[in-house]
Number of protein chains: 2
Amino acid sequence: MGTTQLETVPEPKYWHLKTVLSDALDSEFAVGEILPNERELAARFGVARATLRQALEQLELEGRLQRRRGVGTTVAPPRFGVGIGPAGEGPFADAEGGWQTEGGGETVPPAAVARLLETPAGARVFALRRTRVTHGQPVATELLYVPEQAVPEETPEGDEAARRVLAALGRLGLESQERSVELGSVRAEDARRLDRLPGAPVLVVTTRYAAQDGPAVVAVSTYRADTCRLTFADSGAEALAG
Amino acid sequence: MGTTQLETVPEPKYWHLKTVLSDALDSEFAVGEILPNERELAARFGVARATLRQALEQLELEGRLQRRRGVGTTVAPPRFGVGIGPAGEGPFADAEGGWQTEGGGETVPPAAVARLLETPAGARVFALRRTRVTHGQPVATELLYVPEQAVPEETPEGDEAARRVLAALGRLGLESQERSVELGSVRAEDARRLDRLPGAPVLVVTTRYAAQDGPAVVAVSTYRADTCRLTFADSGAEALAG
DNA sequence: AAGTGGTCTAGACCACCCC
DNA sequence: GGGTGGTCTAGACCACTTG
């Protein structure tokens with residue numbers, strides 16, 4: 001075998017392109033700077049626009065780029081860390097994390113949530129919607145599901161009810177919490193709140209809080225995957241949070 | 001305004017397709033079942049193959065489908081939970097999580113890791129590679145970065161060295177840990193280990209463990225985002241782990 | 001060899017933003 | 001109105017797996 005590197009498979013064009021662009025971003029562009037448009041970039045690299053777009057999509061997935069229809073493609077700032085989990089005074093405090101409640105009412109939760117709450121399928125619970133804003137932009141939207149018995153007072157609809165339920169949760173004695181994180185794509189409804197197109201990648205955080213007598217709340221939080229790094233401080237430290 | 005719903009923007013075809021397919025998956029297909037091939041599906045729905053593929057990509061991102069080149073598209077089983085964080089005897093125990101060490105040696109860590117370790121840029125550390133197997137398939141690959149002073153003995157290269165460093169870590173008194181989770185795409189090197197194509201979405205978990213005298217280890221773990229749900233048990237409970 | 005998903009092309013039109 | 005990214009098409013070829 002006189003050849004040196006035959007077993008190497010040809011790298012896909014878009015993959016190589018991604019590497020080249022990534023290096024260029026590091027060396028030749030500043031955060032916030034706007035890139036040449038897709039048609040020009042494609043021409044410059046001698047590929048079809050679709051191929052170029054495949055590379056850009058990857059870079060956007062990694063949080064390196066930000067693309068906005070009608071505007072252009074800009075170099076994204078590094079992801080910022082958003083704190084998840086036991087922080088500050090209570091898990092439902094508005095102020096700390098930048099949460100802003102938007103209303104609530106009774107609904108039938110999704111089956112997966114009902115299972116976590118250990119309520120019968122089809123049973124109604126109180127659902128509370130809130131959105132989290134950090135660094136001046138929306139990073140997450142959340143639905144809190146509270147079984148009726150956990151909020152014993154009369155609960156009307158709307159913002160006022162939401163605030164009252166939230167306050168009641170703050171007074172609750174929570175014993176434990178379990179949490180899971182998985183990849184999802186943003187549903188049409190949440191997309192608007194997060195200022196993204198439907199289908200954009202999100203990190204879905206599901207948390208179940210339990211009181212002495214069983215599950216008290218299930219929170220389903222949807223975080224923008226492009227701009228956020230979720231941080232967990234398990235033992236009082238917080239250096240990854242930058 | 002005699003019209004009922006004019007402000008509704010026409011839904012993209014691939015988005016609508018995704019919904020239709022998603023419903024079909026729930027009602028007409030069993031886990032593991034193989035779907036008709038892309039060319040036929042595209043014809044059946046009257047769209048171009050590229051458009052169909054956009055819908056399939058979304059469903060794969062959500063863990064509903066699994067596509068393998070040369071084989072076909074199958075219905076994926078529900079994601080399984082993999083435990084992250086303080087579990088069992090120690091954070092570096094092989095047995096519990098299915099970790100399998102693959103070797104190690106000295107290297108210069110990436111800048112981001114050096115910053116977390118608080119070592120000077122360009123300083124060499126010991127890097128240990130291991131891979132995690134659950135439910136019979138690889139779910140994660142990890143690089144553990146250990147500054148030299150934390151492993152004071154002489155450290156040769158290879159598997160033997162890795163095992164020795166791992167044992168030393170087990171004896172270390174760790175005081176705290178901080179963790180972050182973000183979306184990434186798998187690098188070519190890790191792709192093989194995880195049995196995925198380069199660029200596939202992954203959840204990158206970065207953990208810094210500290211001992212009394214400062215940072216002791218930084219672990220960068222790369223989890224398959226299509227098959228895994230990361231679970232965190234913060235207060236002794238573990239019901240989301242299923 | 002046949003069949004699958006993965007890559008790539010060249011072009012068109014649309015939705016959105018800003019001037 | 002003019003420019004941007006987002007969607008969509010119809011076709012070609014390639015890499016991989018399986019009989």
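As the structure is a computational prediction, the values presented were derived from the model and not from experiment. Sequence lines set the chain letters: A, B, ... in the order given, protein chains first and strands last, and positions in each chain run from 1.
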Legend entry - salt bridge (charged side-chain N to carboxylate O under 4.0 Å, His left out) partners for B/R124, two or more places apart: B/E106
Inset, instruction - With sequence neighbours excluded, tell me which residues meet ring-ring contact (aromatic ring centres under 6.0 Å, His included) with B/H135. - result: B/F80
Legend entry - Qualifying salt bridge (charged side-chain N to carboxylate O under 4.0 Å, His left out) pairs with a residue from residues 217-226 of chain B, counting only residues at least two apart or across chains: B/R196-B/D226, B/R224-B/D226
Legend entry - Residues that A/T74 engages under side-chain contact (heavy atoms from CB on, under 4.5 Å), provided they are two or more places apart: A/I34, A/Q66, A/R68
Legend entry - Set of residues satisfying side-chain contact (heavy atoms from CB on, under 4.5 Å) with respect to B/E182, sequence neighbours excluded: A/R79, A/R229, B/V204
Legend entry - Where protein sits on nucleotides 1-8 of chain D, one letter per nucleotide: B base, S sugar-phosphate only, - none, heavy atoms under 4.0 Å: --BBBBBS
Legend entry - Whole-Å gap separating P (C/dT4) and CD (B/Q66): 18 Å
